[in-house]
Amino acid sequence: MNTDTLIPKNFNKLLIANRGEIAMRILRACHELGIRTVAIFSDADRNAMHVRQAHEAYYIGPPPARDSYLLIDKIIEVAKQSGAEAVHPGYGFLAERAEFAQACLDAGLVFVGPPVNAIRVMGDKQTARQTVKAAGVPIVPGTEPGLDDAALIQAAEDIGYPLLVKASAGGGGKGMRPVHKSADLADSIAAARREAMAAFGDDTVYLEKMLVGARHIEIQLLADMDGNIIHLGERECSLQRRHQKLIEESPSYVVDEKLRQQMGEVAVAAARAVDYVNAGTIEFLVDRDKNFYFLEMNTRLQVEHPVTELVTGIDIVQEQLRISRGRRLRINQADVKMSGWAIECRINAEDPYNNYLPSTGQITASRLPTGPGVRVDTGVFPGYEVTPYYDSMLSKLVCYGETRSEAVLRMRRALEEYRIMGVKTNIPFHQHMMDSHRFLTGQFDTSFVEERFSMDEREAPHQLDAAILATLVAHQQGQKASQIVAPGDRDTSNWKWLGRWERLQK
Amino acid sequence: MKYFTTVGDQQYTIEIDHDNKILVNGERYDIDFQPSPEGSVYSLLLNNRSLEGLVEEREDTWEVLIRGELYEVQVQDERAFRLAKARGTVATVSGDVNIISPMPGIIVAVPVSEGEHVSKGDKVIILESMKMENELRAPRDGVVRRVFVQAGAGVEKNQTLVLIGDPDAQGEESDEA
């Protein structure tokens, strides 16, 4: 076991190197376990929920993340100053930066996450592919990087079409080209090399088979320092837009017990190949014939972890903290039982009727849905400012049901109940999806949202009601205003009258 | 009082009288309308059908949230409606339209140039903000009259980026340019 970079220590005070809903999620797990919490905040977050609810909070810099939440030295300094013994990175920001994990260890802080080496290996696409392939994990058929054009064209015949030309240093779709027939291959390779050179200063490309109609399904793992690795089943994350997940569920409509077991075993093998410790996720592409291929490993807590928590009953963040304190897993694979169905909708500040344009501004009102089977993870409250500095996710609305249909019905109810004003949200997108025949019958893949789902046909059903409400409010305000500015008609002062008027309205 | 209320492409005539009744396009409803201490939350019993909505005033419209959907509503009383009609500023989709930056960010690309014809939904500006590239699209068919920004420029919220005008107004404009 190569876990020498992890120091188990029974820490009692932890710094949360993050913000927003995930900072709240970690804070809650810590407080439940009696761990004291240290929050950090930028100028934009002085009033944030995680700052108010943590035991201590430290200012770290201006709003842009590169001047605050990404400052490794500053965060380590705050951890030391506050007497924190451990650091939880959450997701995003520094969560998958090996140098941050290393800096924590160098400072004698427990990093609540995997060993530095696992982050490093899984963080590099090609190294990750080669490492898991050597461990017998299926990967999407393709070439190694570094071949010349002639060799690539040769290799394409074996891989078959359609395929993708991808930049080795790539990310975010840059330097990536789909090719549907051999006649287009040479041009696409040239274009991808140009793009890759311009974007990353490196024109190395490789080919990968393009899986048509594939679904994105991932396996949640937990691993302790004694080498015990278990999986907590799958999450279906195919509903995405521009590689951003929007809706996740567990279990998946297409995964049966046999496939779950196969994928789980392969995921455990992939994690073992890097001596993984703590919570992690193996992402797979699953094709129509239920062949599955390794996509990547996320060496951190995932945004969508709550759906797994609801169907397994396991608190993943608490488990992370226990593992980092050096405890053995309390359960083995046979103890993991999935029961019921959970769906998560990411509520984002964006306008589904206007090309999902992000919406900024102050939250003027927020009332969260509650009731049976409903969980909301959020850091947003009335008065909260949605700024362009951080991502647009306002909350995660998670619903649980005995069956998938029960979870969907509950999600519809909860979406209707959710009251949030001040910015536009994608709640209507989720409502439209919950009504969509293809969603209800589980017939979707990773291209569904972008290629076959449109808000155009959605009939907003309450136009008349909206008109009446707005008119009544406008009328009331007009009356109020005209009564204030029309003196003489009444014998009392306007101020007295206004006071009476307001009491009458209550 | 009589109001002219517009939601999307629907216009309603709503008359409010003093005895808790309203007329909507001539049809009579009993109302019981209650504001709540929660600020913008309002409860309405409309012929005993219970409606709850959040209503907030914006610059010259009202935003109403009902069951997850957000509606932009324009309410004009008779006087305002007649004035607007006389000035030709009743909510329409003709005339010049400014494409305005909805948030601070950096212009990644301007896929249109001055004088170019655009159709509703065409990409006009690509703006990077909130870690994402966002496409701003033409709200209607027209001609690009002015482009105020170029790729690489930093922009503030509510900054005017592109002006789209009527196709037939193109002739007059080209004289100026």
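Bear in mind the structure is a predicted one, so any value in this text is a computation, not a measurement. Just so we're on the same page: letters track the sequence lines, and every chain starts at 1.
Ranked by heavy-atom pairs shorter than 4.5 Å toward chain B, the options A:Arg242, A:Gln431, A:His475 are led by A:His475. Ranked by non-hydrogen atom pairs under 4.5 Å with chain B, the options A:Thr471, A:Asp351, A:Leu469 are led by A:Thr471. The residue among A:Asn354, A:Leu415, A:Leu472 with the most heavy atom pairs within less than 4.5 Å of chain B is A:Leu472. Between chain A and the residues B:Glu72, B:Met1, B:Glu135, B:Arg58, the most heavy-atom pairs under 4.5 angstrom are made by B:Glu135. Most heavy-atom pairs under 4.5 Å with chain A, from the set B:Leu70, B:Leu51, B:Leu46: that is B:Leu51.
Taking a 6.0 Å sphere around CD of A:Glu457, one finds it holds more than 12 heavy atoms contributed by other residues, nucleotides or ligands. Environment of CD in A:Glu450: crowded, with over 12 heavy atoms of neighbouring residues, nucleotides or ligands closer than 6.0 Å. Within 6.0 Å of NZ in B:Lys21 there are more than 12 heavy atoms belonging to other residues, nucleotides or ligands. Counting non-hydrogen atoms of neighbouring residues, nucleotides and ligands closer than 6.0 angstrom, the CG atom of B:Asp17 exceeds 12 such neighbours.
For A:Thr387, the part lying near chain B is the backbone, with the side chain staying farther off; criterion is any non-hydrogen pair under 4.5 Å. With a 4.5 Å cut-off on non-hydrogen atoms, A:Pro461 touches chain B through its backbone and its side chain both. Proximity to chain B (any heavy atom under 4.5 Å) is shown, for A:Gln463, by both the backbone and the side chain. In this structure, chain A has a heavy atom under 4.5 Å from the side chain of B:Val75, while its backbone stays farther away. Only the side chain of A:Asn355 comes within contact range of chain B, with at least one heavy atom under 4.5 Å from a heavy atom of that chain. Only the side chain of A:Gln244 comes within contact range of chain B, with at least one heavy atom under 4.5 Å from a heavy atom of that chain. Using a 4.5 Å cut-off between heavy atoms, A:Ile468 touches chain B through backbone and side chain atoms alike. Using a 4.5 Å cut-off between heavy atoms, B:Ile31 contacts chain A through its side chain alone, with no backbone atom that close.
A:Tyr353 and B:Glu69 share a donor-acceptor pair across their side chains, judged by distance under 3.5 Å alone.
Here the side chains of A:Thr360 and B:Lys157 are in contact, with some heavy-atom distance below 4.5 Å. Taking 4.5 Å as the limit, every side-chain heavy atom of A:Glu417 sits out of range of all side-chain heavy atoms of B:Arg67. Within the 4.5 Å cutoff, the side chain of B:Gln10 has no heavy atoms near those of the A:Leu464 side chain.
The two residues B:Pro35 and A:Gln476 make their nearest non-hydrogen contact at CG-NE2, 3.9 Å. Across all non-hydrogen atoms, the minimal contact from B:Val7 to A:Ala467 is CG2-CB, 3.7 Å. Closest non-hydrogen pair, B:Tyr71 versus A:His462, comes out as OH-N, 2.9 Å. B:Ile66 approaches A:Ala466 most closely through the heavy-atom pair CD1-N, 3.6 Å. Of all heavy-atom pairs spanning A:Leu357 and B:Pro102, the tightest one is CD2-CG, 3.7 Å. Minimum heavy-atom separation, A:Gly422 to B:Glu56: N-OE1, 4.5 Å.
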TODO: In sequence, state the C-alpha distance, the side-chain angles, and the governing distance for A:Gln477 and B:Trp62, and then conclude on side chain to side chain contact (heavy atoms under 4.5 Å, CB included).
DONE: CA-CA 12 Å; A:Gln477 292 213 349; B:Trp62 297 83; 3.8 Å; yes
Task: Verdict with reasoning, A:Val473 to B:Phe33, per side chain to side chain contact (heavy atoms under 4.5 Å, CB included) - done: CA-CA 9 Å; A:Val473 177; B:Phe33 178 58; 3.7 Å; yes
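How far NZ of A:Lys424 is from CD of B:Glu63: 5.5 Å, rounded to the nearest 0.5 Å.
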